[in-house]
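Working notes, structure below.
Quantities reported herein were computed from a predicted structural model and do not represent experimental measurements.
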Amino acid sequence: MNRKRKAEDVLHGRPQVSAFAAAARARAPWNAPPPVPSSSSEGEQSTSSDEDDDSKDGSGGEIGQENSNEVDREITGPFVHVEDRTGEPLCMPALAAHHEEYDTDLDDKEFAQPLPPPKQQLCSWQPNARNVLSKPGDNAWVIVLEPLQTIVLIGQYDLLVRKTPVTVYGATLRPSSTLYSVFAPSTHALPIILNPFPREAELEFWPPSHSLRLLEKLSPLYGRIWNYRIEEPETRKAKLQRRTYPFSYLHETSQDPLKRPLYLLENNPSWQVEVGTICASAAQRTPLVMVCGPKGSGKSTFSRMLLNRLLTDRPPTKPREVLTGFRSAQDPVFYLDLDPGQPEFSPQGQLSLLLIREPVLGPPYTHPLADCLTANQTVRAHSIASTNPKNDPIHFVTCALDLVTRYRQMLQDFPSSPLIVNCPGWILGSALEVTTDLIRKLSPTNVVYTSQSGPADIVRTLAQAAGQSVFNTVSSQMSAVTVHTSAQLRDMQTLSYFHTDTAINGKLRWNAKPLTSAIPWKVSYGEDNPGIIGVMSYGEYFHSEFLSTVLNGTLVAVVVIESNAAFGDRSPLPETESIADDEVQDDEQQSTIQLDGGGLRSLSQIQAQLSEMNSAQAVSQVADQVDTPPTVLRTEKENLPYIPCGSSGYTKPLDPRYSHTIGMALVRSIDVSTQTLLLLTPMSKETINGLYPDCQVVLVRGRFDTPSWSYTEKLSLRQHEKMRRRRRMKRGVEDVEESDEDEEDSIPWVSQSKTGTNPAGGQVWRSSHFNPRK
């Protein structure tokens with residue numbers, strides 16, 4: 001023991017122990033004796049199925065569907081016992097939840113943390129013989145929550161309220177037979193379950209029916225975000241006699257084996273007042289709330305909590321509801337997501353209007369898709385093909401206003417359904433004018449600015465634009481230190497989107513197979529009966545001979561054309577070899593100046609275009625003038641169809657009044673011999689088959705993030721299997737030598753960097769796909 005560690009122990013009054021004793025203490029489960037044998041036959045069956053699955057080929061079965069045994073493995077596991085003050089054993093979900101597929105057992109070295117976070121209490125509930133009702137071997141963990149008590153879990157679970165309503169994520173969950181899926185990863189603030197009523201609440205925590213946790217096999221971004229334990233030697237008999245959950249109870253941050261910087265989803269007082277005021281006003285008028293503010297101020301979190309509150313705890317308005325005191329469970333809330341960089345229910349670069357029927361109890365990557373098979377559905381969506389609206393503010397505003405128009409049309413069927421508008425964190429510069437334009441056009445009942453620290457000029461300008469609307473500021477949500485950046489969270493959401501499986505009973509499922517093993521959709525682009533009109537490229541101009549290079553292996557938005565008026569009036573830019581490079585650069589520079597550099601001038605253009613959109617006569621005239629098929633050109637080598645850009649080199653985006661986006665796809669490859677595109681997409685068969693033969697489709701590419709995660713999924717899975725075999729051999733379960741036969745398999749757009757003498761980073765796989773933005 002070094003002198004510094006010894007001095008710290010003396011200073012804090014801790015007993016000095018040897019390194020061996022400290023390591024043994026760290027490996028021991030928190031306050032838990034060895035597990036007690038259980039007679040549950042289900043645990044034996046599920047564990048035996050684990051052993052059988054290990055000998056099977058993981059590629060068996062249909063692509064895109066989980067093996068039934070994998071689902072069984074997800075919902076089984078052991079209990080541990082915790083002694084209460086009276087000495088009676090209690091049934092508790094293990095902090096050391098072990099699972100072969102989950103890989104919850106990690107080596108001691110994987111738990112190394114240079115600076116462990118300070119000790120902090122997370123909840124007030126503590127187990128005793130009275131408040132734990134379940135027994136070892138039960139499928140569900142049942143507890144009693146006293147009045148004003150809170151409990152915090154980390155992981156994934158389905159929550160059932162048996163007695164007395166509780167609140168979580170701003171939602172009030174009442175006693176019923178409904179199972180609410182709750183996601184509590186360490187990437188976001190942990191939700192607090194509170195009993196606000198003066199009587200006891202009984203809660204059941206069930207293993208989830210989904211398989212989101214399995215995605216950690218495909219990407220390290222999903223690793224170390226759930227509940228884990230330090231790996232311990234274990235006999236097969238002991239393994240058969242225990243049962244774990246994919247969630248863990250935490251009373252203090254010190255109980256986390258990974259020593260992660262965990263923090264709570266606390267509803268600060270200013271948020272409580274504002275949410276309560278908005279919900280109370282719903283009895284007099286339908287709320288239309290616009291939430292704006294700077295980046296990282298908690299706009300999405302505030303919008304999510306307000307959404308859950310309006311969905312579950314809105315005052316009654318209909319005569320029968322007034323008599324009973326409760327609203328109809330089928331009364332939905334509309335959610336307008338205008339943040340293309342961090343969307344809530346869709347992949348990146350998309351603006352969406354959604355119809356929400358169930359509370360949202362998790363971060364965005366736990367619900368990346370809302371279609372006809374899920375409880376929450378997308379009404380209409382547009383893609384701006386960029387994660388930042390400043391690249392084309394005119395198109396951003398026109399898309400937003402089209403979605404608002406659709407919401408007002410939907411009010412005929414849902415007259416009392418409120419609308420929540422989540423704005424992007426782009427508020428500086430020309431963004432202020434865009435935001436004020438949206439406020440004037442939307443005429444919201446409430447405008448909420450998620451910062452009380454200014455800037456003062458921005459707050460003053462927004463308050464003036466609000467006019468008769470109620471304008472309030474709330475304090476920002478404190479952000480804790482996290483290892484995931486905004487770009488990484490966006491990658492996690494895109495990965496989750498592409499690995500979603502067919503929803504069952506309105507709930508999403510995920511598959512954990514690499515996209516390389518997924519069956520793609522073959523879309524013909526030949527001149528005879530093509531499946532798409534062509535490819536459009538938002539953003540920078542490039543010569544058509546590079547289209548296949550730029551398109552292959554990238555993300556595209558699938559856009560349905562409702563009328564040829566969506567293309568507008570286009571004068572194609574001639575692409576001949578006589579065009580000099582200097583002229584092309586001049587066109588690109590001119591386009592950039594018109595779009596970005598002329599921020600102040602583009603605001604007047606926005607005003608003019610918005611005025612024109614409000615005129616029905618102007619809309620009909622435009623439709624009559626451009627209701628002709630668009631100009632479609634083809635590349636020389638691949639014969640790929642594309643819609644050319646204008647004479648300035650800038651591609652005019654599709655008109656959102658005559659088009660809409662139905663999803664996103666990844667171009668796996670281009671088969672020139674058969675004139676087909678191979679596309680990977682999570683969209684359902686019903687959605688795709690419903691497009692033909694009546695609909696016309698355009699694939700739109702732009703400034704989407706490069707899907708580097710998809711190029712390395714096979715490598716991540718291979719590394720995961722190697723670690724899994726190593727752990728099994730360490731426990732004596734498997735005695736198979738590791739094989740590196742396919743380590744040198746060639747994978748597109750991925751290269752291995754070897755530094756030679758430097759062992760650190762000596763074998764690093766890096767993405768090398770061509771990025772036109774660089």
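Side-chain atoms of Leu310 and Cys279, non-hydrogen and from C-beta on, do get closer than 4.5 Å to each other. No side-chain heavy atom of Leu336 sits less than 4.5 Å from a side-chain heavy atom of Met290. Contact annotation: the side chain of Val291 approaches that of Thr450 to within less than 4.5 Å [non-hydrogen atoms, C-beta and beyond]. Ile384 places none of its side-chain heavy atoms less than 4.5 Å from the side chain of Asp392. Inter-residue side-chain proximity for Ser211 and Asn511 is flagged as unmet; no heavy-atom pair is nearer than 4.5 Å. Using a 4.5 Å heavy-atom cutoff, the side chains of Tyr525 and Ile670 are in contact. Considering only heavy atoms from C-beta on, Tyr449 comes within 4.5 Å of Leu462 through its side chain. In this structure, Leu411 and Gln409 have side chains that are not in contact, with every pair of non-hydrogen atoms separated by 4.5 Å or more.
Without hydrogens or angle criteria, Ser524 side chain to Pro530 main chain gives no donor-acceptor distance under 3.5 Å. In this structure, Thr301 contributes its side chain and Gly298 its backbone to no donor-acceptor pair below 3.5 Å. Not one N or O on the side chain of Tyr335 forms a donor-acceptor pair closer than 3.5 Å with the backbone of Asn422. Here the side chain of Ser469 pairs a donor or acceptor atom with the backbone of Pro444 at under 3.5 angstrom. Using modelled atom types, one side-chain atom of Ser303 and one backbone atom of Lys299 make a donor-acceptor pair closer than 3.5 Å. Within the 3.5 Å criterion, the main-chain N or O of Pro332 finds a donor-acceptor partner in the side chain of Ser417. A donor-acceptor contact shorter than 3.5 Å links the side chain of Thr681 to the backbone of Met683. Using a distance-only test at 3.5 Å, with no hydrogens or angles considered, a donor-acceptor pair links the side chain of Asn689 to the main chain of Lys685. Without hydrogens or angle criteria, Tyr222 side chain to Met492 main chain gives a donor-acceptor distance under 3.5 Å. Formation of a donor-acceptor pair under 3.5 Å by the Arg509 side chain with backbone atoms of Thr502 is found in this model.
Taking the six-membered ring for Trp and thresholds of 30 and 60 degrees, Phe334 and Tyr407 have ring planes more than 60 degrees apart, a perpendicular arrangement.
Remark: the Gln493 side chain and the Arg490 side chain contain no N/O donor-acceptor pair separated by less than 3.5 Å. With no hydrogens or angles considered, no side-chain donor-acceptor pair links His367 and Asn376 at under 3.5 Å. Of the N and O atoms on the side chains of Ser383 and Thr661, not one donor lies less than 3.5 Å from an acceptor on the other residue. No side-chain N or O of Thr494 forms a donor-acceptor pair with one of Tyr365 less than 3.5 Å apart. Side-chain atoms of Ser496 and Trp510 form a donor-acceptor pair, as typed in the model, at a separation below 3.5 Å. Looking at Ser386 and Asn391, their side chains do bring a donor and an acceptor atom within 3.5 Å of each other.
Atom-to-atom distance recorded for Ile394:CD1 and Cys399:SG is 12.0 Å, nearest 0.5 angstrom. Atom CD of Gln488 and atom CG of Asp491 lie 7.5 Å apart (nearest 0.5 Å). Taken from CZ in Arg309 to CG in Leu307, the straight-line distance is 13.0 Å, to the nearest 0.5 Å. To the nearest 0.5 Å, atoms CE (Met536) and CG (Leu699) are separated by 11.5 Å. For the atom pair CG of Leu654 and CD1 of Ile643, the computed distance is 7.5 Å after rounding to the nearest 0.5 Å. The CG atom of Asn446 sits 8.5 Å away from the OG1 atom of Thr277 when rounded to the nearest 0.5 Å.
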Chi angles and distances behind the side-chain contact (heavy atoms from CB on, under 4.5 Å) call for His188, Leu489 = CA-CA 10 Å; His188 291 71; Leu489 292 175; 4.0 Å; yes
Thr676 and Trp521: CA distance, side-chain angles, deciding distance, side-chain contact (heavy atoms from CB on, under 4.5 Å) verdict | CA-CA 10 Å; Thr676 57; Trp521 287 88; over 6 Å; no
Should Thr286 and Phe414 be marked as a side-chain contact (heavy atoms from CB on, under 4.5 Å) after you check the CA-CA gap, both sets of side-chain angles, and the distance that decides it?
-> CA-CA 11 Å; Thr286 302; Phe414 305 95; over 6 Å; no
Walk me through it: do Thr706 and Thr554 pass the test side-chain contact (heavy atoms from CB on, under 4.5 Å)?
-> CA-CA 6 Å; Thr706 302; Thr554 59; 5.8 Å; no
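The two residues Gln350 and Ser352 make their nearest non-hydrogen contact at NE2-OG, 3.2 Å. Of all the heavy atoms in Met664 and Phe704, the pair that sits closest is CE-CE2, 3.6 Å. The heavy-atom pair separating Asn388 from Pro340 by the smallest distance is N-CG, 4.4 Å. Between Val289 and Thr445, the closest heavy-atom pair is N-OG1, 4.5 Å. Minimum interatomic distance between Glu344 and Asp337 (heavy atoms only, all atoms of both residues): N-OD2, 2.5 Å. Nearest heavy atom pair, residue Gly170 against residue Met305, reads N-CE, 3.9 Å.
Applying the 6.0 Å contact sphere to CG of Asp413 captures more than 12 heavy atoms from other residues, nucleotides or ligands.
Using a 4.0 Å cut-off between charged side-chain N and carboxylate O, Glu562 and Arg380 make a salt bridge.
Checked options Asn564, Ile532, Val560, Leu691; the residue passing with Gln696 is Asn564 (criterion: side-chain contact (heavy atoms from CB on, under 4.5 Å)).
Separation of the Phe567 and Tyr658 ring centroids does not fall under the 6.0 Å cut-off.
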